[in-house]
*Asks:* 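Right, I'll just put the structure down here and ask away after.
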Amino acid sequence: MDPTHRASDEYGQGHDRSGGEPGHRRPSRESGGADFGPGTPQQVRVVQLTAGDLLLTVNPVDGSEVEACPPGSGPDAPVRRTPAERADHERAGAPPVPAGPPAPQLPLLERQEERERLVGLLARGRSVRLTGQAGSGRTAVLDAVAADCADLAPDGVVRLNGRGRTGADLLHALFDTVYKAPSHRPDRDELLALVRSIGAVVTVDDLEIGGAALDELLAATPECAFLLAATPDVTTPGVDAHLEEVLLAGLGRGASLALLEKVVERSLTEEERNWAGDLWFESEGLPLRFVQAGSLLVQRDRLRAGPEAFDEYDYFEPRADGAPPAPTPPAAEALDVPLPSLGEGAAPAVLLASRLSEAARATLRFAVALGGEVPHQAHLPALVGDTHADAALGELAGCGLLSPAGPRYRLAAGVLAQLTAAGYEDDAAAQARTAAQHYAWWASHPSVTPERAVAEADAIVASLTRLVPGDEAGAASAAVLLARSASPAFAAGLGWGAWERALRIGQEAARIAGEVAEEAYFHHELGVLALCTGNPDRARTELETSIGMRGALADKSGAVAGRRALALVADRSGDFAPIGRTSSGDEVPMVRQDAPGTPPGGFPAAPVFLRQPAEEEPTVVSSLPAGPAARKGPGRAVLGGARRNLAAAGAGAVLIAVLGTVVTLGVTSGDGDEPGSRNVTTEQTATEDPADDGLPADDPADGSAPAGETTPGATPTTPGPSDSASPSTSGSPSPSASTSDGTSPGTDDPTDGGSSSPGEPTPTKTSPRPTETDSESPDPTPSESESESPDPSPTPTDDTPPPPPQGSSSASGPVESESAPQSEAATDPAA
């Protein structure tokens, strides 16, 4: 349930708490409930947004997905808010009203001169920088000036808070105040075009940017007049900013005493006036110090009235049921409450906290653990463990220990340091971890809207900052859980500044905790965020890191989401390099023939050069090997160096050898030999092992195709002298069947068409030189051989007879020419 916006059914009004009919029992939330079966899984909040011309789908499971907006489905044009909508928007962005009696409205003393000067400058369209120390009343001055300038500009007054905000965050906040664009975040160009037309008086409290960032903010809004409140330590704007500087000093002695009387709501005694005079000198007239000093005097008055007064209003710890009332002390003893010392008046946080309730002190401990950020009053009962702890916010605000900061409260200036010195930070790690666990449950609950999560973003980010880096056991894991739960809500609520901070802290926490899957998720989200904000280089780096991590984890769905986003990055940046390929540029483009089971794109291999310059190497017109490779034509090359391709080629060679033997036996059976006159043995058949087919297994060093594979137009001869045996043809070995007397069927030469086994030496015989009758065989023409031959090795010309191959003879003659077409037709589908 949302602790901020409670529904009526949570209190049992109208029907039972289960939301159904009266008398029905609410199903168990446990997944293993025995009475009601397995529970329904928790809903996943998937939200679609538009960022410029991109469609962003916030997916808390696998990571956000981003794509280009389909044509015709872009967001509607932003429209200006009506006055009623502006009023509702301002109320939603104001800090909550504390529980308890309303605090007295304090006047703005000795600020009339500064107030009139600021209104005059803003009326002339000038921007002003109001500089004052922390606690000097800058927020009160801004509120008063904003009330005076309500009718000066066409778009009225826009109140912004600059604590922890960049220039881009302030521009988007200004756009969101004036324009209504649900689920749309404009890109940089659209944002600048829209805010350029805004004419308003913009007040920015607690400004933290300066220099070039502030100059860019002012240049982007030429029709706006800014009133910027900052401390003296903030960087000053540039010379081109044309800002007026107004200093805000402390109050005078008379105004300080008057403010103190307003807080106490009575006249001061002489002793109290003297004490207030010393305090004015010590605090340099800061209004915050006198508000806190007045709270000390109010507590002193209540102590002097007697303890029974506090029991009536439960101001201190309530009396237990049935306990007798405390005895009333004598009147003289009850009045003996001294004034605080001067040091306690200058630093009153510790003394003020000691006189508050236990719930208020516990709230201060949480605020110290979160770096000064105070959780919303609706979260205090769950954090503190007291159902009435929401009233603690009123106690702290009434004592001057809190100050408003946008839609929330934080510790007033100087209070954090005072409480830290008093020991309120001793258990800060445990308090931050408790807050992180609570916010992790709350932010991921389906009833909590993204806008409500964005309003509590500062406290959530403060919890993450306290836990990372942390030496406590389990701190990093708690931070990962909180960042994982809150970051999708920040993205859906368009609080992208908090989204980025949560992702970066979560990524560091996941790295410390060793949670690789969560670290990959944060890298993916950072990449998507960088893509949506116009930073493609950063997006590419984050997405590639995420894809690598998810690939190692076998996270297919997450890796697919990352590759889609990375493809969009490449598209928008003009880089169309294929994903997953090396960018060395050394590979030569080629057409690969992948065997079954080969990954898309084949295996990386050495380059295969398909053509050599004609002036460097002569071309030989020779017979093509009778095999499937002769019919493939140009543009087909087998990728060398791949073991799977080598195995496939070896298997094809074995198949060709068997089929060639059958064809040869069929052809030679008509030469007068009886079919049964020759017995075929299997002693010299080709081996069935693809890796041991009688061909060299190593790839040639000259860049040609490896053994067992063919390239189009390869010559059947081996160039140059060599002491090692080489095959007569590549990819189409000769039939290896032999007769019982050692001769090959169909020939008179015992070595013609045969092939020796790898381990046995066989006599070789030089085949006769091809005569002119060879031209009648179905060999390619010189032009075809020259265009199809990719062999870069030198070959002899027609005038020089080719050297005979060693270890085997080339298959020639009418038998081979007749059997070649049949072998091709039989083996082409298998190849």
Side-chain angles (χ1 to χ4, degrees), residues 43-79 168-169 171-173 175-176 179-195 443-444 446 449-451 453-454 484-500 502-503 520-547 550 555-576 579:
Q43 300 177 5
V44 177
R45 179 169 47 198
V46 178
V47 181
Q48 281 193 342
L49 308 172
T50 54
D53 58 345
L54 297 177
L55 179 62
L56 174 64
T57 303
V58 181
N59 184 1
V61 180
D62 298 325
S64 301
E65 298 182 5
V66 59
E67 59 182 345
C69 287
S73 61
D76 298 333
V79 295
D169 295 338
L171 282 178
H172 281 282
F175 162 78
D176 185 58
Y179 286 93
K180 181 176 61 175
S183 301
H184 175 62
R185 179 183 174 92
D187 56 7
R188 180 70 178 177
D189 297 337
E190 183 183 2
L191 177 64
L192 294 178
L194 291 172
V195 299
S444 60
T449 61
E451 292 77 14
V454 172
R484 193 71 164 78
S485 303
S487 57
F490 294 160
L494 296 178
W496 285 14
W499 185 26
E500 181 178 4
L503 290 176
Y521 167 83
F522 292 125
H523 279 295
H524 174 86
E525 293 295 288
L526 286 171
V528 171
L529 175 61
L531 175 60
C532 294
T533 54
N535 192 351
D537 295 335
R538 183 68 181 178
R540 183 182 295 105
T541 302
E542 298 289 352
L543 289 173
E544 288 177 350
T545 304
S546 175
I547 292 173
R550 286 177 164 176
D555 184 3
K556 295 183 179 180
S557 58
V560 167
R563 291 192 186 98
R564 289 177 180 174
L566 190 59
L568 184 59
V569 172
D571 185 20
R572 297 177 70 88
S573 60
D575 183 10
F576 297 98
I579 302 175

*Asks:* Indicate yes or no: at least one non-hydrogen side-chain atom of Leu566 is less than 4.5 angstrom from one of Leu568.
*Replies:*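 Result no, sub-4.5 Å side-chain heavy-atom pair not found.
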*Asks:* How about Thr533 and Arg538: does a side-chain donor come under 3.5 Å of a side-chain acceptor?
*Replies:*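 No.
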*Asks:* Check for a donor-acceptor pair, side chain of Glu190 on one end and backbone N or O of Gly52 on the other, with a separation under 3.5 Å.
*Replies:* no
*Asks:* Any heavy-atom pair between the side chains of Phe175 and Pro78 that's under 4.5 Å?
*Replies:*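 Yes, side chains in contact.
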*Asks:* I need the Glu525 CD to Leu543 CG distance, nearest 0.5 Å.
*Replies:* 10.0 Å
*Asks:* So, for Tyr179 and Leu194, which heavy atoms are closest and what is the spacing to 0.1 Å?
*Replies:* OH-O, 3.5 Å
*Asks:* Give the minimum heavy-atom separation between Ala453 and Phe490, together with the two atoms involved.
*Replies:*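 Nearest pair, atom of Ala453 first, then Phe490: O-CE2, 3.3 Å.
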*Asks:* Is there side-chain contact between Val454 and Leu494, with heavy atoms separated by less than 4.5 Å?
*Replies:*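 Val454 does not reach Leu494 side chain to side chain.
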*Asks:* I'd like to check the salt bridge (Lys or Arg N to Asp or Glu O under 4.0 Å) partners of Glu500; sequence neighbours left out, ordered by chain and number.
*Replies:*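 Per chain and number, Glu500 pairs via salt bridge (Lys or Arg N to Asp or Glu O under 4.0 Å) with Arg504.
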*Asks:* Report yes if some heavy atom in the side chain of Arg185 is under 4.5 Å from a heavy atom in the side chain of Thr50; otherwise report no.
*Replies:* no
*Asks:* Atom CG in Leu55, atom OG in Ser73: separation rounded to 0.5 Å?
*Replies:* 7.0 Å
*Asks:* If you look at every heavy atom in Cys532 and Leu54, which pair is closest and at what distance?
*Replies:*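 Scanning both residues, the minimum pair turns out to be CA-CD1, 4.2 Å.
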*Asks:* Check whether any side-chain heavy atom of Asp53 sits under 4.5 Å from a side-chain heavy atom of Arg572, and report yes or no.
*Replies:* yes
*Asks:* Out of curiosity, Asp537 CG to Asn535 CG, how far, rounded to the nearest 0.5 Å?
*Replies:* 6.5 Å
*Asks:* If you compare all heavy atoms of Ser557 against all heavy atoms of Asp62, which two are closest, and at what distance to 0.1 Å?
*Replies:*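 Looking at all heavy atoms of both residues, the closest pair is OG-OD1, 3.4 Å.
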*Asks:* Verify the distance criterion only: is there a donor paired with an acceptor across the side chains of Gln48 and Ser183 at less than 3.5 Å?
*Replies:*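 Side-chain D/A pair, Gln48 to Ser183: absent.
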*Asks:* For Ser546 and His523, which heavy atoms make the closest approach, and how far apart are they?
*Replies:* CB-CB, 3.9 Å
*Asks:* Taking Val569 as the fixed residue, which of Thr541, Val66, Leu531 is the one that meets the side chain to side chain contact (heavy atoms under 4.5 Å, CB included) rule?
*Replies:*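 So, applying the side chain to side chain contact (heavy atoms under 4.5 Å, CB included) to Val569 and each of Thr541, Val66, Leu531, only Leu531 qualifies.
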*Asks:* Are Arg564 and Glu65 packed together at the side-chain level, in the sense that at least one heavy-atom pair is separated by less than 4.5 angstrom?
*Replies:*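 SC-SC contact between Arg564 and Glu65 confirmed.
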*Asks:* For Asp555, what residues pass the salt bridge (Lys or Arg N to Asp or Glu O under 4.0 Å) criterion, not counting sequence neighbours?
*Replies:* Arg550
*Asks:* At their closest point, which heavy atom of Pro488 faces which heavy atom of Val58, and how far apart are they?
*Replies:*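 The answer is O-CG1, 3.7 Å.
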*Asks:* Do Leu171 and Arg188 come within less than 4.5 Å of each other through their side chains, counting heavy atoms only?
*Replies:*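 Leu171 reaches Arg188 side chain to side chain.
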